[in-house]
Amino acid sequence: MSLFAASDIGIRFGGIRAVEGVSFDVRQGEVFSIIGPNGAGKTTIFNLISRIYQPSQGSLHFDGQDITRVPAHRVAGLGIARTFQNIELFANASVLQNLLIGRHRHARVGMLAQLGFLPSVRRAEIEHRARVEDVIAFLGLQRHRDQLIANLPYGVRKVIELGRALCTEPKLLLLDEPSSGLNVEETEEMAFWIEDIKKDLGITIIMVEHDMKLVHAVSDRVMALNQGRVLALGTSAEVQGDPEVIRAYIGGEP
Amino acid sequence: MRAIFKTRYEQDLTLWRSPAGALCYALLLAALLLVPAVLGEFYVGELAGLFVFAIAGVGLMLLTGYTGLISLGHAAFLGIGAYTNAILLARGVPFVLTLPAAGLLAGLAGVAIGVPTLRMSGLYLAIATLAFGSIVGTVLQKWDSVTGGFDGFAVKTPSILGVEIAGATGTYYLSLVVLVFVLWLVMNLLRAPMGRAFVAIRDSEISAQSMGIHLALYKAIAFGLSAGITGLAGALFAHYVRYLAPDSFDILLSIQLVTIVFIGGLGSLHGAIFGAMFMRLLPQAIALVRDDLPFGLGRMPGLEPSLFGLILVLVILFEPTGINGRWLKLKRYVGEFPLHRRVGFRRQKSYARSERLR
Ligand SMILES: Nc1ncnc2c1ncn2[C@@H]1O[C@H](COP(=O)(O)OP(=O)(O)O)[C@@H](O)[C@H]1O
Ligand SMILES: [Mg+2]
């Protein structure tokens with residue numbers, strides 16, 4: 001049973017066909033990786049799924065629902081969370097606040113109750129905090145809890161962005177280049193977390209990634225993309241051995 | 001250096017960072033309550049004015065400092081609040097109703113200006129709000145039958161439950177109560193989901209949206225709340241000046257409000273208060289040295305606005321965290337003395353100027 005399906009999606013920016021006729025489905029509980037050279041359209045696919053871009057063709061289905069026309073701010077509520085290629089954290093807020101914003105989709109209290117900070121708000125806040133602390137413990141972020149994002153190193157920010165996405169308690173997690181900018185140890189740690197997120201939390205993952213070692217280690221299936229089109233789709237070994245894929249990566253004509 | 005050891009989540013939900021902090025604020029409040037018994041009429045009046053501007057500063061801080069939206073038209077909300085209050089009072093409506101009405105009407109006007117400008121940011125938003133401010137200013141001048149036109153009118157003394165709140169002392173206590181109330185509301189909001197959503201919008205709209213925050217809705221709410229608080233300040237402003245004339249609510253006043261939040265320090269309620277103190281003290285300081293300035297500089301027209309402008313630019317260039325940032329550094333310096341490290345006091349490059357209002 002597939003959790004997510006893209007059918008024949010495409011988008012154009014002016015004359016550029018950034019994504020064209022891409023179809024794939026993602027099964028419940030798998031890690032599905034998208035690879036491809038720079039400018040292949042990987043991030044654009046994520047932006048289409050998070051509804052930041054409107055596809056000019058095709059449809060998106062998630063969890064038995066057509067989400068092609070859902071507004072961007074509803075996507076989190078459906079159970080889709082994401083990270084960004086160039087980290088989009090709330091830089092002048094603390095780690096704790098960032099993670100709590102991840103709880104926004106679970107916020108149920110009204111504005112007047114919040115203005116008076118009524119007991120219902122206090123109870124809800126403590127509940128959110130407990131969930132956030134679970135994520136902090138899971139990712140080992142305890143010592144950064146009260147620090148400002150702007151004062152933290154890149155590698156830590158990357159983990160916090162992952163944590164913020166987990167705080168939304170998603171069914172589907174979109175990771176855009178989770179290892180970019182990380183050193184070897186940090187990348188290995190990221191691989192373990194991705195495994196844990198899949199196995200322990202049961203969250204389905206779509207990952208865009210350049211590091212083929214990481215892709216090979218964690219992916220159930222891989223889709224290779226070039227110039228907005230699907231080149232190959234299969235297991236990691238199949239895709240890496242595909243002559244079209246090799247050609248696209250080496251860049252030359254046959 | 002003190003470290004606070006926390007054992008319960010509730011400790012992060014308090015209004016004060018520590019019991020000692022709570023005590024400081026309680027002492028400050030007690031001192032403020034005693035002020036009219038000690039100081040003369042003039043100083044009490046000036047402090048009341050300071051409170052009024054601090055309330056407006058808190059209102060604009062919510063919008064600019066916490067949600068990252070600029071407004072160059074906030075004098076309009078001050079004006080709407082002032083006129084709503086004064087006009088309703090003149091028609092015999094009791095003050096306990098005219099004050100909330102002033103906040104409410106200004107708040108609705110805020111939502112009305114917020115909605116069409118939702119897609120704007122930075123310079124475009126600045127210009128749109130500037131235009132809105134001048135439209136309201138013009139309406140106040142031309143709508144003589146209601147506002148008394150250019151001549152203006154005297155504001156009726158308010159009374160609560162039959163007790164007149166007269167003179168500088170009355171306005172002083174009234175403004176103090178409203179300031180404390182507004183601070184309490186905003187501090188509540190900032191530790192609740194809505195305040196976090198504002199901060200999220202300020203720092204990254206795209207990820208705020210991906211976290212499920214409805215940008216348009218929250219920006220409209222931020223505008224409404226900010227304008228509503230400024231409207232309350234306007235109602236009190238009417239009693240502070242006692243005589244309303246439409247030209248009080250011009251672009252210069254809007255710029256003064258912006259100066260409060262920038263000089264005080266964006267993203268801090270302390271900043272709003274510090275900024276208001278600075279804004280009220282500078283004219284007094286100028287008055288003191290006016291006659292001693294060389295080349296007749298002191299009698300030059302426009303000295304005050306130019307000085308405001310100059311200081312605003314210097315603060316944005318050299319101390320983007322404003323007076324509050326200075327204050328925090330000073331507190332740390334004293335707390336860590338003599339173990340402070342110089343590097344800790346350098347400005348963080350990451351809070352780059354160009355990013356602040358994006
Ligand atoms: N908002 C946009 N406006 C114009 N062109 C865009 C936009 N977003 C992406 N593109 C173009 O679409 C193509 C794919 O980009 P992207 O999805 O970011 O690639 P990558 O696979 O490296 O993530 C590129 O040619 C890029 O220039
Ligand atoms: Mg990309």
Side-chain angles (χ1 to χ4, degrees), chain A residues 46-47 50-52 71-78 80-84 87-93 96-98 100-111 113-118 121-122 124-130 132-133 145-146 148-152 161 164-165 167-168 174, chain B residues 3-4 6 8-15 17 65-66 68 181-182 184-218 221 224-225 228-229 266-268 320-321 344 348-352 355-356:
Chain A
F46 273 13
N47 285 339
S50 12
R51 310 289 313 106
I52 291 164
H73 64 265
R74 289 268 164 74
V75 171
L78 294 172
I80 302 179
R82 71 172 290 184
T83 65
F84 295 83
I87 305 187
E88 287 280 346
L89 284 168
F90 310 115
N92 300 296
L96 199 53
Q97 280 176 309
N98 269 270
L100 282 168
I101 292 167
R103 299 292 305 167
H104 187 85
R105 83 162 175 113
H106 300 282
R108 292 281 176 275
V109 282
M111 181 169 90
Q114 293 185 51
L115 279 169
F117 210 75
L118 298 185
V121 180
R122 185 178 294 272
E125 282 301 299
I126 290 172
E127 181 59 31
H128 290 318
R129 177 67 187 272
V132 164
E133 288 296 329
R145 203 184 272 122
D146 292 316
L148 278 193
I149 299 296
N151 298 338
L152 289 172
E161 210 190 20
R164 186 181 63 182
C167 284
T168 69
L174 312 178
Chain B
I4 299 156
K6 293 174 187 162
R8 293 175 309 131
Y9 297 152
E10 277 92 338
Q11 281 169 285
D12 277 334
L13 292 177
T14 53
L15 289 174
R17 217 155 288 150
Y66 285 101
F181 176 67
V182 163
W184 178 72
L185 288 183
V186 174
M187 282 159 84
N188 281 343
L189 211 56
L190 290 176
R191 56 183 172 152
M194 190 169 277
R196 286 196 295 266
F198 291 158
V199 169
I201 292 173
R202 176 191 71 188
D203 284 1
S204 167
E205 288 198 3
I206 187 166
S207 60
Q209 204 173 24
S210 296
M211 291 295 120
I213 294 164
H214 190 332
L215 294 183
L217 177 69
Y218 277 83
I221 293 177
L225 285 174
I229 293 171
L266 286 183
S268 139
T321 52
Q348 282 288 334
K349 263 280 181 288
S350 42
Y351 197 172
E355 284 173 358
R356 302 165 81 214

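Everything numeric in this text was worked out from a predicted model, so none of it was measured. So that the names make sense, note that chain A is the first sequence line, chain B the second, and so on, each numbered from 1.
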Exercise. Is it the side chain or the backbone of B:Arg191 that comes within 4.5 Å of chain A heavy atoms, both, or neither?
Worked result: both
Seminar exercise, completed: The reported gap from CG in B:Leu190 to CD in A:Gln97 (rounded to nearest 0.5 angstrom) is 8.5 Å
Seminar exercise, completed: Bottom line for A:Leu89: the part with an atom under 4.5 Å from chain B's heavy atoms is backbone
Problem set entry | Separation between CD of B:Glu205 and CD of A:Glu88, rounded to the nearest 0.5 Å | 10.5 Å
Problem set entry | Heavy-atom pair with the smallest gap, counting every atom of B:Ser207 and A:Phe84 | CB-CE1, 3.5 Å
Exercise. Can you tell me how far the CG atom of B:Asp203 sits from the CD1 atom of A:Ile101, to the nearest 0.5 Å?
Worked result: 8.0 Å
Exercise. Heavy atoms, side chains only, cut-off 4.5 Å: are B:Leu189 and A:Leu115 in contact?
Worked result: yes
Problem set entry | Heavy-atom contact with chain B under 4.5 Å, split by part of A:Asn98 | neither
Exercise. If you take all heavy atoms of B:Met211 and A:Ala76, which pair is closest and at what distance?
Worked result: C-CB, 3.6 Å
Seminar exercise, completed: Among A:Arg74, A:Arg129, A:Arg105, the residue with the most heavy-atom pairs under 4.5 Å to chain B is A:Arg129
Exercise. Where does A:Ala93 contact chain B at under 4.5 Å (heavy atoms): side chain, backbone, both or neither?
Worked result: both
For this session: Working to the nearest 0.5 Å, report the span between OH of B:Tyr9 and CD of A:Glu127.
Result: 10.0 Å
For this session: Specify the closest pair of heavy atoms between B:Ser204 and A:Phe90, including all atoms of both residues, with the distance to one decimal.
Result: O-CE2, 3.6 Å
For this session: Output the option from B:Ala200, B:Gly195, B:Ala208, B:Ala197 having the highest count of non-hydrogen pairs under 4.5 Å with chain A.
Result: B:Ala200
Seminar exercise, completed: So, the part of A:Arg103 with a heavy atom under 4.5 Å from chain B: the answer is neither
Exercise. Is the number of heavy atoms from other residues, nucleotides or ligands within 6.0 Å of CZ (A:Arg145) greater than 12?
Worked result: yes
Problem set entry | Minimum heavy-atom distance B:Ala192-A:Val121, with the two atoms named | CB-CG1, 4.3 Å
Exercise. Where does B:Ile221 contact chain A at under 4.5 Å (heavy atoms): side chain, backbone, both or neither?
Worked result: side chain
Problem set entry | Non-hydrogen side-chain atoms of A:His104 and B:Arg196 separated by less than 4.5 Å | no
Exercise. Is any side-chain heavy atom of B:Ser210 closer than 4.5 Å to a side-chain heavy atom of A:Ile52?
Worked result: yes
Exercise. Based on non-hydrogen pairs under 4.5 Å, which of A:Arg122, A:Glu133, A:Glu125 is most in contact with chain B?
Worked result: A:Glu125
Exercise. Do the two ring centres, one from B:Tyr218 and one from A:His73, sit under 6.0 Å apart?
Worked result: no
Exercise. Using non-hydrogen atoms only, which part of A:Ala113 is less than 4.5 Å away from chain B: side chain, backbone, both, or neither?
Worked result: neither
